[in-house]
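Only one structure is covered here, and it is reproduced in the block below.
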Amino acid sequence: MARVFPQAAISSPYMSTERETFTVWMKSLVYQTNGLTVYNSNGEITYRVENYDKCSNEVHIMDLHGNILFTIRKKKLWLFGSWYVYRECGSFTSTEEVKPCARIKRSSIRDGDWEVRDETNEVFWILRFDPKFAFQIIDIHGNIIAQVKPKQSSNGITLGEDVLTLEVKPRVDHSLVVTLVTIDGEVKQLRDFEEEEVADEIAIEI
């Protein structure tokens, strides 16, 4: 099985010898609500997530044709639990012994960051810089593997917090990078949902 962020010869349609730039729309292609749609630099849809919401315990990352590339499962049904990523396994039950290709958990070093550990036990980090989806994925040596930031027009106008630019360095599995962006998006939805619940409770008390 391939490494999470392989740096060797190209052996996958989801890697390139060139730096890749994607546009990430944090909406479903079909429902235009909860989900995610990723376009390449030619404006073609390459990845999509449909019908995932803040109550979901399982999320599938698919290609344009609906083929499942990764499945994300939460280990705990709360905001600060761990996330397990499974490669091309589709839906499965909790009794099946399937080895994840990556585990993501909250960083114990800095609040808001995430630790990613692949199946070879190599560690990567998701470093957050801004609550509006700006973050970098770095390796243990501090090299930037990918970064996400709000997308801007040619004249510097931000297109909205649900439209992002994703840059991925050469020889990196960008399908898995998209999976990590999906996890980050779902965490943000959970955070917003909890904040709404707290606000509602305060309003009721008042």
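The first residue in the sequence is number 1, and the count goes up from there.
Closest of all the heavy-atom pairs between S82 and K105 is OG-CB, 3.9 Å. Scanning all heavy atoms of the two residues, the minimum distance from V163 to L159 falls at CG2-O, 4.1 Å.
In this structure a side-chain-to-backbone donor-acceptor pair under 3.5 Å is present from T37 to K27. Within the 3.5 Å criterion, the main-chain N or O of L64 finds a donor-acceptor partner in the side chain of R48. Here the side chain of N42 pairs no donor or acceptor atom with the backbone of E44 at under 3.5 angstrom.
A side chain to side chain contact (heavy atoms under 4.5 Å, CB included) with I138 is found for exactly one of N143, I145, I144, namely I144.
In this structure T46 satisfies the side-chain contact (heavy atoms from CB on, under 4.5 Å) test together with F22, V38, N40, sequence neighbours excluded. Partners of E115 by side chain to side chain donor-acceptor pair (under 3.5 Å), not counting sequence neighbours, listed by chain and number: R117. For E20, there are no salt bridge (charged side-chain N to carboxylate O under 4.0 Å, His left out) partners two or more places apart in sequence or in a different chain.
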**Study point:** Chi angles and distances behind the side chain to side chain contact (heavy atoms under 4.5 Å, CB included) call for I61, V85
**Key:** CA-CA 10 Å; I61 287 75; V85 178; over 6 Å; no
Check your understanding: How far apart are the C-alpha atoms of V181 and F135, what are their side-chain angles, what is the distance that settles it, and do they pass the side chain to side chain contact (heavy atoms under 4.5 Å, CB included) test?
Key -> CA-CA 9 Å; V181 174; F135 61 88; 4.0 Å; yes
**Study point:** Candidate pair L180 and F124, rule side chain to side chain contact (heavy atoms under 4.5 Å, CB included), full reasoning
**Key:** CA-CA 11 Å; L180 299 182; F124 301 85; over 6 Å; no
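Proximity of Q147 to I137: side-chain heavy atoms (C-beta onward) are nowhere separated by under 4.5 Å. Using a 4.5 Å heavy-atom threshold, the side chains of V178 and L36 count as touching.
Residues L164 and I157 do not share a hydrophobic cluster, clusters being chains of Ile/Leu/Val/Met/Phe/Trp/Tyr side chains in contact below 4.5 Å.
Under a 4.0 Å N-O distance rule, the pair D173/R87 qualifies as a salt bridge.
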